[in-house]
Amino acid sequence: MSDYQAKRLKLKRHRRQRSHGRLRNRVKGTSERPRLAVFKSLKHFYAQVIDDAAGRTLASASTLDKEVQGLIDTGSCNRAAAAAVGATIAERAKAQGVESVVFDRGGFIYHGKIQAVADAAREKGLKF
């Protein structure tokens, strides 16, 4: 990796973290309506349902879970994998008694994989 590429990646990560900080000032998870936080890396996709008031995670899912890996064909960070994570997190959240959440896109643009997670969670009955 060249110096230019390393600086560009660092800048891109910094921009996302700043955006996420601004977003977190507005989006808070409560016990009635917890926060659905998503994160994507180059290889994997993660989602958590978090109650910020109590400071605990109610449910989580990622492409590393065996249950999710059974739903996806190949690769672990594409739209199909993101949709599988969204469906799994919705099922696990509903099992914990969560019906409605606020969506925390983690500073990422609401497009592609991030949108696939939200759409799959909505299809499984989670309200945003």
Side-chain angles (χ1 to χ4, degrees):
M1 185 182 305
S2 70
D3 262 355
Y4 173 74
Q5 289 172 324
K7 287 179 185 177
R8 185 164 167 78
L9 281 176
K10 187 175 181 180
L11 178 63
K12 190 174 182 180
R13 186 178 311 115
H14 180 67
R15 282 182 185 155
R16 186 195 65 81
Q17 288 171 343
R18 276 192 355 213
S19 174
H20 189 210
R22 287 191 303 267
L23 182 72
R24 288 288 291 119
N25 285 332
R26 293 187 305 267
V27 176
K28 302 280 189 241
T30 62
S31 56
E32 296 84 27
R33 199 165 176 213
R35 175 170 56 100
L36 173 59
V38 295
F39 177 77
K40 65 176 181 171
S41 69
L42 292 176
K43 290 186 176 184
H44 296 286
F45 205 87
Y46 310 87
Q48 293 180 326
V49 176
I50 304 166
D51 179 3
D52 290 320
R56 65 187 191 104
T57 301
L58 304 174
S60 66
S62 75
T63 52
L64 296 171
D65 293 346
K66 297 292 183 193
E67 182 181 328
V68 176
Q69 285 180 350
L71 299 174
I72 57 180
D73 297 331
T74 58
S76 55
C77 195
N78 55 21
R79 268 185 86 109
V85 169
T88 305
I89 193 69
E91 290 170 359
R92 291 179 183 176
K94 288 182 79 80
Q96 291 289 326
V98 176
E99 296 292 326
S100 180
V101 295
V102 289
F103 190 66
D104 177 7
R105 58 186 171 83
F108 297 102
I109 298 170
Y110 187 80
H111 182 267
K113 298 170 195 167
I114 304 295
Q115 185 178 6
V117 170
D119 291 343
R122 278 190 199 102
E123 286 176 10
K124 289 291 183 176
L126 209 56
K127 294 180 184 143
F128 286 57

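- The structure places CZ of Arg92 at 12.5 Å from NZ of Lys124, a figure rounded to the nearest 0.5 Å.
- The shortest side-chain heavy-atom distance between Arg24 and His20 falls under the 4.5 Å cut-off.
- Of the residues listed (Leu64, Asn78, Ile114, Ile72), the one engaging Phe45 in a side chain to side chain contact (heavy atoms under 4.5 Å, CB included) is Ile114, and it is the only one.
- The CG atom of Asp52 lies 13.0 Å from the CZ atom of Arg33; values are rounded to the nearest 0.5 Å.
- Taking hydrophobic clusters as Ile, Leu, Val, Met, Phe, Trp and Tyr residues chained together by side-chain heavy-atom distances below 4.5 Å, Ile89 shares a cluster with Phe108.
- In plain terms, the two heavy atoms of Ala61 and Val85 that are nearest each other are O-CG1, 3.9 Å.
- For the residue pair Cys77 and Ser41, the shortest heavy atom distance occurs at SG-O, 3.3 Å.
- When every heavy atom of Gln115 is checked against every heavy atom of Tyr110, the shortest pair comes out as CG-CE2, 3.8 Å.
- Of the possible donor and acceptor atoms, none in the side chain of Asp104 sits under 3.5 Å from a partner among the backbone N and O of Ala37.
- No more than 12 heavy atoms of other residues, nucleotides or ligands shown are found within 6.0 angstrom of CZ on Arg15.
- The shortest side-chain heavy-atom distance between Val117 and Lys40 does not fall under the 4.5 Å cut-off.
- Between the NZ atom of Lys127 and the NZ atom of Lys94 there is a distance of 7.0 Å, given to the nearest 0.5 Å.
- Here OG1 of Thr57 is found 8.5 Å from CZ of Arg35. Values are rounded to the nearest 0.5 Å.
- Here the closest non-hydrogen pair linking Asp51 and Ser31 is OD1-N, 3.4 Å.
- Using cut-offs of 30° and 60° on the angle between ring planes, the pair Phe128 and Phe103 is tilted.
- Here the closest non-hydrogen pair linking Ala83 and Ala120 is O-CB, 3.2 Å.
- Looking only at side-chain heavy atoms (C-beta outward), Phe39 and Ser62 stay at 4.5 Å or farther from each other.
- When every heavy atom of Ala47 is checked against every heavy atom of Val38, the shortest pair comes out as CB-CG1, 4.2 Å.
- A single hydrophobic cluster is not seen to contain both Ile50 and Tyr46; linkage of ILVMFWY side chains at heavy-atom distances under 4.5 Å, directly or through other members, places them apart.
- Atom OG1 of Thr63 and atom CG of Leu71 lie 12.0 Å apart (nearest 0.5 Å).
- In this structure the side chain of Glu67 reaches within 4.5 angstrom of the side chain of Thr88, judged on heavy atoms.
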